[in-house]
Amino acid sequence: ADIFLYASVSDIQTRMVIDAVPLMIFLLGLVNVSRTVLLCRTITALAFFGVFLLLAIVFKNKIGGADVKFIAAAMFVCGFPEGLAGLILGLLLSVIGTLIRNRKTKSKDKTMPMIPYLAVGFLTAFMIGGI
């Protein structure tokens, strides 16, 4: 949770997250897992990394590299079912937050930090899935 909080604050303040953050999240995913689970999580993380990297390339300046790496690392930690739920929740929160911001302000800045929303989604899914 602390790493997710750091990533969220960094994304809000600078729209950048250092590469050590997804690495730390990934390393946490290595704690106490079997080889089978490790293989499944690796495949899941690589698949989602590929999909979001492709989306970042196609839709330039819409999805940042930090977002792509964060999603892949969080998917590795959560696994497929919880990770997908967390991703959907995070993206839904991002859409809601963007709609609220656009309604309240007439800001010229069209960028929106996505990691805070993703962090809430992934943490929620991880906690519920862990129960």
### Query
Applying the side-chain contact (heavy atoms from CB on, under 4.5 Å) test to Val95, which of Thr98, Leu91, Leu99 qualifies?
Leu99
### Task
Decide whether Leu55 and Leu53 are clustered together by the hydrophobic rule: side chain heavy atoms of Ile, Leu, Val, Met, Phe, Trp, Tyr closer than 4.5 Å, transitively.
yes
### Task
Would you give the length of the straight line joining atom CE of Met24 to atom CG of Asp2, rounded to the nearest 0.5 angstrom?
10.0 Å
### Query
Under 4.5 Å between side-chain heavy atoms, hopping through other hydrophobics if needed: is there a path connecting Leu30 to Phe80?
no
### Message
To the closest 0.5 Å, what do you measure between CG (Leu87) and CZ (Phe52)?
### Response
4.5 Å
### Leu46 reachable from Val51 in the ILVMFWY side-chain graph, under 4.5 Å edges
no
### Query
Where is the tightest heavy-atom contact between Pro116 and Ser8, given as atom of each residue plus distance?
CA-OG, 3.3 Å
### Query
Centres of the Phe48 and Phe76 rings: under 6.0 Å?
no
### Message
Please tell me whether Ile18 and Val68 are part of a single hydrophobic cluster in this structure, the criterion being side-chain heavy atoms less than 4.5 Å apart.
### Response
yes
### Query
Going by heavy atoms in the side chains, are Phe49 and Ile71 under 4.5 Å from each other?
no
#### Entry: Side-chain touch Cys78/Phe122, heavy atoms, less than 4.5 angstrom
yes
### Summary
Tightest non-hydrogen contact, residues Ala73 and Pro22, listed as CB-O, 3.5 Å
#### Entry: Same apolar cluster (I L V M F W Y, side chains within < 4.5 Å links), Met127/Leu118
yes
### Query
In Å, rounded to the nearest 0.5 Å, how long is the span from CG of Leu93 to CD1 of Ile88?
12.0 Å
### Task
Could you go through the side chain to side chain contact (heavy atoms under 4.5 Å, CB included) check for Ile25 and Phe4 one step at a time?
CA-CA 8 Å; Ile25 294 168; Phe4 280 29; 3.4 Å; yes
### Message
When you compare the side chain of Val77 with that of Phe26, does any pair of heavy atoms fall below 4.5 Å?
### Response
no
### Task
Please tell me if the side chains of Tyr117 and Asp11 come closer than 4.5 Å, counting only heavy atoms from C-beta onward.
no
#### Entry: Rounded distance [0.5 Å steps], OG in Ser94 versus CG in Leu89
11.0 Å
### Query
Can you name the side-chain hydrogen bond (donor to acceptor under 3.5 Å, both in side chains) partners of Asp19, sequence neighbours left out?
Lys69
### Query
How long is the gap from CG on Leu54 to CD1 on Ile63, to the nearest 0.5 Å?
9.5 Å
### Polar side-chain atom of Ser10 near backbone of Tyr6 as donor-acceptor pair, under 3.5 Å
no
### Summary
Interatomic distance, CD1@Ile3 vs CG@Leu123, rounded to 0.5 Å, equals 10.5 Å
#### Entry: Distance-minimising heavy-atom pair for Ala66 and Val17
CB-CB, 3.9 Å
### Task
Can you tell me which residue pairs pass the salt bridge (Lys or Arg N to Asp or Glu O under 4.0 Å) test with a partner in residues 41-68, sequence neighbours excluded?
none
